2 protein chains.
Amino acid sequence: MHTVKEAAQITGLTEHAVRFYTDKGLVPSVQRNQNNIRMFDEESINWLHGVKCLKQSGMSIEAIKTYVDLCLEGESTIPQRSVLMMEHKETALAKLEEAKRHVVHLEEKTALYQAILEHRTPDTTNPGSWDKVRHMHAEVFYSRSV
Amino acid sequence: MHTVKEAAQITGLTEHAVRFYTDKGLVPSVQRNQNNIRMFDEESINWLHGVKCLKQSGMSIEAIKTYVDLCLEGESTIPQRSVLMMEHKETALAKLEEAKRHVVHLEEKTALYQAILEHRTPDTTNPGSWDKVRHMHAEVFYSRSV
DNA sequence: TTACTATCCTCGTGTAACACGAAGGCAAGC
DNA sequence: GCTTGCCTTCGTGTTACACGAGGATAGTAA
């Protein structure tokens with residue numbers, strides 16, 4: 001049997017998160033002792049690990065709650081759970097694609113800044129060169145390529 | 001000159017977001033007319049586009065505010081802005097790697113569910129096969145491979 | 001026994017980036 | 001004069017906790 005602090009240490013969650021998850025019903029096996037203190041057995045620790053895992057993969061607390069409740073209903077809900085996971089995988093894939101676009105876009109921006117800095121240094125004696133820099137600067141900020 | 005609604009239509013933001021950004025000082029060129037109504041000229045629209053672009057790439061409002069303020073200070077801040085962008089690119093890269101891990105993990109989970117469903121169907125007449133399903137189910141939920 | 005320390009509890013507020021709706025003002029058209 | 005449609009501000013709701021306050025309890029040291 002473990003306390004909140006121990007459960008937090010074991011799972012790598014914060015104590016706040018552990019209390020939050022148990023209060024949300026994501027750890028169905030957790031009990032309270034006579035002093036109203038949360039007691040985590042091995043099964044509770046396993047649930048915490050599972051919740052953490054789903055959370056880290058981007059699932060919302062609400063969705064995890066739904067999933068946990070389905071688990072409690074037994075094996076008959078396995079098809080539903082499978083569907084849930086597939087859907088969640090799709091949203092994770094969409095996020096991945098979005099992240100890729102962001103990186104590409106930011107690489108363009110930083111490349112433009114590098115170009116500005118390179119052009120700027122050698123031409124400080126040439127007033128006309130600032131026009132180019134200004135133009136490039138506008139390009140950097142307003143680029144809409146996301 | 002455009003109103004909030006028009007600016008929202010032009011930039012593809014919601015009216016709420018447009019008001020929010022202007023009130024946060026992310027659109028320095030915006031003015032109010034005698035009826036206290038926000039008026040957006042072309043420069044304001046450009047700022048909105050720029051803010052939207054940075055936001056979509058995952059930058060926080062606070063960081064965008066810092067960046068906008070640096071822009072207003074003039075070309076002397078270009079090196080600082082360049083550094084900011086590089087740092088932001090690094091965080092975006094980190095998010096990208098995280099998203100990749102999530103997808104890999106979820107692909108494993110959904111594959112396990114598929115395996116369960118395939119094993120379950122043909123063996124409903126064999127009571128012993130449920131042990132395997134139960135074991136695999138535990139694997140699915142508790143897998144800590146994130 | 002008293003005191004101190006460590007831990008636990010609950011409860012309330014703060015965060016980010018808006019979404020949403022209420023209540024009210026203003027101009028234009030019928 | 002009234003409705004329509006847009007604008008304004010303000011206040012609350014959202015998510016997933018973080019953080020601290022205030023108070024209880026349990027174990028240990030003097």
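Fair warning: this is a prediction, and the values are worked out from it, not measured in the lab. Hydrogens, waters and symmetry mates are skipped; everything else that's a heavy atom, side chains included, is used. So that the names make sense, note that chain A is the first sequence line, chain B the second, and so on, each numbered from 1.
Atom C1' of nucleotide D/dA16 and atom CG of A/Leu54 are separated by 15 Å, given to the nearest angstrom. Between A/Gln34 atom CD and D/dT25 atom C1' the separation is 11 Å, expressed in whole Å. A straight line from CE of B/Met39 to C1' of D/dC6 spans 12 Å, rounded to a whole angstrom. Here C/dA17 presents its C1' atom at 11 Å from CD1 of B/Ile64, a figure rounded to the nearest Å. Distance NE2 (A/His16) to C1' (C/dT15): 14 Å, rounded to an integer number of Å. Straight-line distance from the CZ atom of B/Phe20 to the P atom of D/dC7: 19 Å, rounded to whole Å. When rounded to the nearest whole Å, the span between CE of A/Met59 and P of D/dT15 equals 16 Å. Between A/Leu26 atom CG and D/dT15 atom P there is a gap of 13 Å when expressed in whole angstrom units.
Considering only heavy atoms from C-beta on, B/Lys89 comes within 4.5 Å of A/Glu107 through its side chain. Annotation: side chain of B/Thr14 is not in contact with side chain of B/Phe20 (no heavy-atom distance under 4.5 Å). Two residues are said to be in side-chain contact when any heavy atoms from C-beta on lie closer than 4.5 Å; A/Phe40 and A/Gln31 fail this criterion. In this structure, B/Leu26 and B/Trp47 have side chains that are not in contact, with every pair of non-hydrogen atoms separated by 4.5 Å or more.
Under a 4.0 Å N-O distance rule, the pair A/Lys100/A/Glu97 qualifies as a salt bridge. One finds no salt bridge joining B/Asp23 and B/Arg19 here, because no Lys/Arg side-chain nitrogen approaches an Asp/Glu carboxylate oxygen to under 4.0 Å.
Within the 4.0 angstrom heavy-atom criterion, only backbone atoms of the sugar-phosphate kind lie near A/Lys55; the bases stay farther away.
One finds a side-chain N or O of B/Thr14 lying less than 4.0 angstrom from the OP1 or OP2 phosphate oxygen of C/dA19. Look at A/Tyr21 and you won't find any side-chain N or O under 4.0 angstrom from OP1 or OP2 of D/dA16.
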Quick tally for nucleotides 4-10 of chain C: nucleotides whose base has a protein heavy atom under 4.0 Å get B, sugar-phosphate-only ones S, the rest -, giving ---SSSB
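With hydrogens and angles left out, the side-chain atoms of A/Glu42 and A/His2 include a donor and acceptor closer than 3.5 Å. In the model, A/Ser44 has a side-chain atom that pairs as donor or acceptor with a side-chain atom of A/Asp41 under 3.5 Å.
At its two ends the helix from C/dT1-D/dA30 to C/dC30-D/dG1 runs along axes set 30° apart, each axis drawn from five pairs and the angle rounded to 10°.
Note on B/Leu93: it does not cluster hydrophobically with A/Leu112, by side-chain heavy-atom contacts below 4.5 Å among ILVMFWY residues.
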